[in-house]
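To keep things clear, I will list the structure first and then write my remarks on it.
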Number of protein chains: 2
Amino acid sequence: MKPTIVDIAREAGVSIATVSKAIHNTGRMSEETRKKILTIMQDMNYRPNMMASALKGKSTYTVGLLIPDLSNPFSSEIARSVEDRGKELGYSVVMCNTDYDPEKEAWYISVLNQKRVDGIISASGFQNEDMLRDLVEQHIPIALITRDSKTVAVDTVTVDDFMGGYQATSYLIGLGHRRIGTIVLDLDNGRERLRGYKHALEEAGLPCDEKLILSGFTKEDGKEAAAKLMEYSEPPTAIVAGNDLLAIGVMLSAKERGIIIPDQLSVIGYDNTILAEITTPSLTTMNQPVGEMGRQVMDLLYQEITGKKKIKKRIVMAPELVIRESVKPPLS
Amino acid sequence: MKPTIVDIAREAGVSIATVSKAIHNTGRMSEETRKKILTIMQDMNYRPNMMASALKGKSTYTVGLLIPDLSNPFSSEIARSVEDRGKELGYSVVMCNTDYDPEKEAWYISVLNQKRVDGIISASGFQNEDMLRDLVEQHIPIALITRDSKTVAVDTVTVDDFMGGYQATSYLIGLGHRRIGTIVLDLDNGRERLRGYKHALEEAGLPCDEKLILSGFTKEDGKEAAAKLMEYSEPPTAIVAGNDLLAIGVMLSAKERGIIIPDQLSVIGYDNTILAEITTPSLTTMNQPVGEMGRQVMDLLYQEITGKKKIKKRIVMAPELVIRESVKPPLS
DNA sequence: TTGAAAGCGCTAACAA
DNA sequence: TTGTTAGCGCTTTCAA
């Protein structure tokens with residue numbers, strides 16, 4: 001059996017209270033006693049049982065991370081950065097793939113609750129805002145990344161999606177594109193980016209053709225959408241995709257039709273995942289500073305957990321256009 | 001404060017023992033009492049504190065997953081599949097990015113230990129086999145995926161790396177390639193695949209030129225290695241890479257030199273990650289059945305945890321060649 | 001400087 | 001059918 005504090009105390013010939021103090025380096029005791037206890041702990045390979053200390057009101061030093069789908073590169077980069085910062089702060093992170101399914105969300109929340117995690121980070125938002133509200137009302141520390149809530153005050157780290165959509169679109173406009181299609185994500189983020197897209201068109205005095213606005217999520221969606229767009233009598237000369245996978249779908253579809261990217265069609269992705277650098281041509285895309293975001297969201301949660309901060313904070317980061325090879329001015 | 005079992009008991013006018021029985025649906029009591037208790041639990045939004053029950057010797061229903069780097073697509077697919085099966089069996093999974101760093105490994109093991117997880121799955125092996133041995137000796141349920149141990153008996157789920165290296169290489173030989181380079185992973189897996197590679201050459205009566213054997217891990221490594229290989233007076237006509245990222249590095253390097261893949265150079269990757277389908281040309285690669293492997297390893301661990309199985313098991317799966325566009329017969 | 005003891009929320013053996 | 005009670009391993013207050 002694993003040694004307990006009692007075993008250590010017995011072995012050291014002291015009381016468990018003294019051992020506890022030695023573990024946490026608190027209280028005062030003779031150097032001698034402390035050393036002796038520490039040595040014995042070492043020898044017996046003693047690890048304090050966190051369950052027990054958590055029971056006494058201490059933290060569990062564990063947080064939950066709700067994420068749409070870990071096998072998606074953007075998600076997994078977020079997970080990685082959150083975990084990295086968590087580790088630095090001494091927290092373990094439990095991963096939870098929600099697939100945007102409200103039932104899974106509810107299940108995970110309930111489990112995390114039973115495990116008395118110190119806090120929760122969600123990268124998948126809450127399909128059901130009531131759940132978020134409950135959590136906040138129960139004073140469970142929570143922070144969102146890449147997502148926001150319209151109705152609940154909560155810590156968030158997001159990227160300015162409006163600006164992202166705007167920048168991507170006006171970059172194309174600046175290059176001379178006049179007919180620009182877009183494939184939007186069916187999420188709040190997507191809607192904001194769409195607003196940015198529309199704003200850029202408007203600002204340039206360009207009409208907004210609703211037929212050029214499609215939606216989707218996966219590579220296949222991208223293929224389908226591109227196919228549709230390219231069959232129009234007046235096809236777009238450029239497409240702004242809601243994520244890199246969609247953009248790749250567009251590229252694949254173009255290839256099938258013998259349309260050359262970027263000469264005959266320009267494409268911009270979103271997220272700057274690892275995928276963007278390995279396509280041919282490589283993908284111009286909007287970067288979200290994932291590493292920094294993960295770090296920040298964990299920090300926010302940490303402050304919330306340790307009670308260092310009472311006011312909810314929203315951190316908004318700027319997206320950044322990463323220029324590669326998939327965009328060119330249109331054929332005049 | 002969160003309600004405890006005492007609150008429920010008081011509210012229901014029964015003892016905590018009765019509540020406990022109601023929670024676990026054990027023992028016998030009148031339907032009436034049970035219903036009443038359940039309703040009250042519902043109303044007060046009561047969630048049993050897992051810390052407390054774990055302290056009483058119950059499981060924590062949590063396992064740790066040691067993984068090299070979650071931002072690597074192959075890793076994250078493993079993580080996803082393990083988590084999926086874990087969820088089905090009622091387990092949460094704590095993620096731990098080791099980066100193959102023995103210190104991180106040790107740190108995570110210690111933390112997981114303190115948190116009294118029910119078991120550990122490692123996809124990153126153990127740089128330090130002693131640590132594995134300790135774990136096994138302490139009867140901590142553990143299972144490895146994609147890794148194996150020469151000296152410790154432990155549950156494992158692996159893919160036959162020898163066969164993978166052999167298949168990839170003999171596929172190329174069958175197509176007429178005579179000079180085949182390889183970039184091996186600097187891991188046990190890599191060494192096994194290298195053996196397979198050599199065996200295929202030998203079987204075909206081809207010489208094995210040590211100069212054609214390089215090693216690496218990242219896209220950049222792949223680029224460098226390819227550059228080196230292609231500068232030989234007698235460059236290889238095909239390259240077997242240790243993973244998809246290396247293969248992509250090779251493709252990039254070839255592109256820079258104006259070498260056309262697959263016409264002038266064939267490339268085979270390994271892992272069949274999402275990357276393989278989006279390169280141009282798409283990548284022929286060895287598939288590892290990640291989804292099935294994750295499921296199996298979680299099942300093995302589960303059996304170990306629940307004591308349903310005493311004997312250690314190794315499950316070896318067959319890799320599978322996925323033919324895409326990056327391979328062609330050599331120019332005569 | 002050290003220790004005794006209460007109690008965190010729960011389970012399970014035993015008693016009523 | 002229901003309740004009493006002794007811990008699980010630990011922290012912390014108070015006393016010695």
Side-chain angles (χ1 to χ4, degrees), chain A residues 1-38 40-41 44-62 110-118 138 140, chain B residues 1-41 44-62 110-118 138:
Chain A
M1 275 309 295
K2 277 190 182 309
T4 73
I5 200 171
V6 181
D7 300 317
I8 305 298
R10 188 183 329 104
E11 198 70 20
V14 297
S15 76
I16 61 169
T18 309
V19 175
S20 179
K21 283 172 200 149
I23 293 172
H24 301 289
N25 227 317
T26 58
R28 27 188 78 266
M29 73 184 70
S30 69
E31 255 324 292
E32 201 186 355
T33 326
R34 167 160 281 138
K35 275 234 179 78
K36 185 163 156 202
I37 294 173
L38 259 22
I40 290 174
M41 281 174 21
M44 302 185 67
N45 194 21
Y46 169 70
R47 299 264 174 270
N49 184 332
M50 219 169 213
M51 302 292 137
S53 68
L55 237 203
K56 284 298 299 184
K58 293 292 199 182
S59 298
T60 51
Y61 292 100
T62 302
S110 164
V111 170
L112 293 174
N113 216 323
Q114 287 187 38
K115 298 206 169 147
R116 299 296 192 265
V117 296
D118 294 337
Q138 289 173 59
I140 294 178
Chain B
M1 277 309 296
K2 278 190 180 307
T4 73
I5 199 172
V6 181
D7 300 317
I8 304 299
R10 188 183 330 103
E11 198 70 19
V14 297
S15 75
I16 61 169
T18 309
V19 175
S20 179
K21 282 173 199 148
I23 294 172
H24 301 289
N25 228 317
T26 57
R28 28 189 78 265
M29 74 184 69
S30 71
E31 254 326 290
E32 200 185 354
T33 326
R34 165 161 283 137
K35 275 237 179 73
K36 185 162 155 207
I37 294 174
L38 259 21
T39 315
I40 290 175
M41 283 176 17
M44 302 184 69
N45 194 22
Y46 168 71
R47 299 263 173 272
N49 184 333
M50 219 170 215
M51 302 293 137
S53 68
L55 239 203
K56 285 298 299 182
K58 293 293 200 183
S59 298
T60 52
Y61 291 99
T62 303
S110 165
V111 170
L112 293 174
N113 217 321
Q114 287 188 37
K115 298 205 170 147
R116 299 296 192 266
V117 295
D118 294 338
Q138 289 171 59

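Since the model is a prediction, treat every value here as computed from it, not as a measurement. Order of the sequence lines sets the chain letters (A, B, ...), proteins ahead of strands, with each chain counted from 1.
Residue B:S15 places none of its side-chain N or O atoms closer than 4.0 Å to OP1 or OP2 of D:dT4. The side chain of A:T18 contributes no N or O atom lying less than 4.0 Å from OP1 or OP2 of C:dT2.
Annotation: B:K2, atom NZ; neighbour count of heavy atoms from other residues, nucleotides and ligands within 6.0 Å is above 12.
If you measure from atom CZ of B:R10 to atom P of D:dG3, you get 14 Å, rounded to the nearest angstrom.
By the 4.5 Å heavy-atom criterion applied to side chains, A:I40 and A:Y46 are not counted as neighbours.
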With 3.5 Å as the limit, what N/O pairs link the protein to nucleotides 9-13 of chain D?
residue, atom, partner, partner atom, Å
D:dG9, N2, A:A52, O, 3.2
D:dC10, OP1, A:Y46, OH, 2.5
D:dC10, OP1, A:N49, N, 2.9
D:dC10, OP2, A:I5, N, 2.4
D:dC10, OP2, A:Y46, OH, 3.4
D:dT11, OP1, A:H24, NE2, 2.4
D:dT11, OP2, A:S20, OG, 2.9
D:dT12, OP1, A:K58, NZ, 3.0

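Among all heavy-atom pairs drawn from B:R34 and B:T26, the shortest one is NH2-O, 3.5 Å. In terms of heavy-atom proximity, B:P48 sits nearest to B:I23 at CG-CG2, 4.2 Å. When all heavy atoms of A:I37 and A:A12 are compared, the closest pair comes out as CG1-CB, 4.1 Å.
Using a 4.0 Å heavy-atom cutoff across all strands shown, A:T33 reaches sugar-phosphate atoms only and no base atom.
Here A:T60 pairs with A:A54, A:T62, A:R116, A:D118, B:M51 under the side chain to side chain contact (heavy atoms under 4.5 Å, CB included) rule; sequence neighbours left out.
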